[in-house]
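Below is one structure; the comments refer to it alone.
So you know, we letter chains A, B, ... as the sequences are listed, proteins then strands, and number each from 1.
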There are 2 protein chains.
Amino acid sequence: MTTVCWLDDLEMQAWRSLLSAHSRLMARLDAELQASQGMSVSDYGVLVQLSEAEEGRMRMSELADHLLLSPSGLTRRLDGLVGAGLVDRVRCPTDRRGAYAVLTATGRARLEEAAPDHVEQVRRHFVNRLSRRQLEALVDTLNKVASSPPCPGR
Amino acid sequence: MTTVCWLDDLEMQAWRSLLSAHSRLMARLDAELQASQGMSVSDYGVLVQLSEAEEGRMRMSELADHLLLSPSGLTRRLDGLVGAGLVDRVRCPTDRRGAYAVLTATGRARLEEAAPDHVEQVRRHFVNRLSRRQLEALVDTLNKVASSPPCPGR
DNA sequence: CCCGGTCGATTGCGTGGGCAATCAAAACGC
DNA sequence: GCGTTTTGATTGCCCACGCAATCGACCGGG
């Protein structure tokens with residue numbers, strides 16, 4: 001019974017390792033941040049992005065781009081955070097279609113509270129398992145993967 | 001405004017590269033396989049696993065493990081494939097709780113039809129962007145990430 | 001036997017997220 | 001200045017998936 005396999009062993013392994021590593025890693029981080037801080041990694045990500053932005057505020061569309069989320073996805077993710085008082089939605093005064101997401105004081109506090117745990121978890125499950133050289137190589141490798149396609153069609 | 005950041009630059013880059021590369025890669029592969037074959041990468045994955053198994057059959061639980069899916073997730077994923085006639089559900093004769101997922105003839109045909117496209121897409125967006133050395137390093141790196149935690153708690 | 005414990009699979013339910021449609025507010029064209 | 005088009009965000013609808021509860025079937029101790 002010939003199995004369909006036009007990727008050689010190494011290529012196949014690389015592909016499957018990527019799926020497996022990502023899946024396991026995310027599952028662990030989600031579970032642990034949920035357990036230790038009652039916060040999802042996604043919500044944490046929103047708070048981090050905002051905290052790094054000028055004055056803790058960012059336009060919805062820009063934020064969505066940074067988080068690799070669709071506009072609708074972000075809208076609803078913010079609903080939760082707004083409900084929890086961690087983020088405010090502020091209509092943009094100069095362009096009244098647009099809106100800012102702004103980190104509230106409690107939001108910032110909550111982030112600072114959760115950050116040590118999350119960082120420790122990322123270290124334990126990811127960063128600390130790799131050498132500096134491996135981290136460098138990984139960045140390089142993944143950037144090649146993430147970069148725009150050769151665009152033959154466009 | 002000090003941003004929360006207890007990971008140094010390289011570590012942060014590695015972490016964000018992983019998220020970004022995975023997200024973009026999956027989005028591209030999903031979109032392209034959907035466009036060229038009307039099939040999701042997840043469904044494709046099920047067919048591949050079955051095709052590699054003895055006689056194209058596998059127990060539900062084992063299949064779920066291979067696919068990194070929860071039992072319920074697999075059950076419902078299979079519903080679709082069964083509905084499409086690509087897979088059969090067969091109750092295990094020796095243990096009537098259990099069930100096999102078996103690849104049908106049409107399922108195998110469908111897989112063989114879709115495979116060239118998918119392989120080409122994985123090559124274009126992933127494998128071919130990397131050198132052999134990078135692939136080797138990547139496998140090694142990701143396996144370290146995926147491997148079981150140090151288990152201090154258990 | 002048979003009865004409590006366990007196991008494999010499925011189902012109910014909740015959450016997360018994408019796409020397409022929508023809406024209001026700009027921006028553009030003339 | 002006033003339609004038309006474009007843009008930013010939100011909403012409706014849908015799908016994927018995980019967890020917990022469930023159900024039938026097996027198993028091991030009396």
Rounded to whole angstroms, how far apart are CZ on B/Arg91 and C1' on C/dC7? 13 Å
If every non-hydrogen atom of B/Gln121 is compared with every non-hydrogen atom of B/Ser36, which pair is closest and at what distance? NE2-OG, 3.2 Å
Closest non-hydrogen contact found for B/Val46 with B/Leu67 is CG2-CD1, 3.6 Å
Sorted by chain and number, sequence neighbours left out, side-chain hydrogen bond (donor to acceptor under 3.5 Å, both in side chains) with B/Arg132 holds for A/Asp8
Would A/Arg59 count as a cation-pi partner of A/Tyr100, with NZ or CZ less than 6.0 Å from the six-membered ring centre and within 45° of the ring normal? yes
Quick check: on DNA chain C, is the nucleotide nearest A/Gly73 upstream (toward 5') of the one nearest A/Thr94, or the reverse? Name the residue that is more 5'. A/Gly73
Does a side-chain N-to-carboxylate-O contact under 4.0 Å join A/Arg89 and A/Asp79? yes
Distance from A/Leu29 atom CG to A/Phe126 atom CZ, nearest 0.5 Å? 9.5 Å
Rounded to whole Å, CG of B/Leu63 lies from C1' of C/dG8 at a distance of 14 Å
Applying a 4.0 Å non-hydrogen cut-off, can you work out what A/Ser42 is touching in the nucleic acid: base, sugar-phosphate, or nothing? sugar-phosphate
Nearest-Å distance, CG (B/Leu69) to P (C/dA9)? 13 Å
With nearest nucleotide decided by heavy atoms, which residue, B/Ala99 or A/Leu74, maps closer to the 5′ end of DNA chain C? B/Ala99
Counting any heavy atom closer than 4.0 Å, what does B/Ser61 reach on the DNA or RNA strands: base, sugar-phosphate only, or nothing? sugar-phosphate
Parallel, tilted or perpendicular, judged at 30° and 60°: which one describes the rings of B/His118 and B/Tyr44? tilted
Grab the two heavy atoms, one from B/Ser17 and one from A/Asn143, that are nearest each other, plus how far apart they are. OG-OD1, 3.4 Å
Could you pull out all residues at least two apart from A/Ser23 that satisfy side-chain hydrogen bond (donor to acceptor under 3.5 Å, both in side chains)? none
Whole-Å distance, B/Arg59 CZ to C/dC7 C1', equals 10 Å
Pairs under 3.5 Å (N/O, protein and nucleotides 20-25 of chain C):
none

Can you sort out the partners of A/Thr106 under side-chain hydrogen bond (donor to acceptor under 3.5 Å, both in side chains), two or more places apart, ordered by chain and number? A/Thr104
Could you tell me whether A/Arg89 contacts a base, only the sugar-phosphate backbone, or nothing, with contacts defined as non-hydrogen atoms closer than 4.0 Å? sugar-phosphate
Scan residues 75-87 of chain B against DNA chain C and write down, sorted by residue number, each residue with any heavy atom closer than 4.0 Å; if none is found, say none. B/Thr75, B/Arg76
Rounded distance (Å) that lies between atom C1' of C/dG17 and atom CG of A/Asp43: 13 Å
Nearest-Å distance, CG (A/Asp30) to P (C/dG16)? 10 Å
Can you tell me how far apart CZ (B/Arg123) and CZ (B/Arg129) are? Round to the nearest 0.5 Å. 14.0 Å
With heavy atoms of chain B within less than 4.0 Å as the criterion, where does contact along DNA chain D begin and end? D/dA16 to D/dC26
Protein-nucleotide distance (B/Met60, atom CE; C/dC7, atom C1'), rounded to Å: 15 Å
Between A/Arg124 and A/Glu120, does any side-chain N to carboxylate O distance fall below 4.0 Å? yes
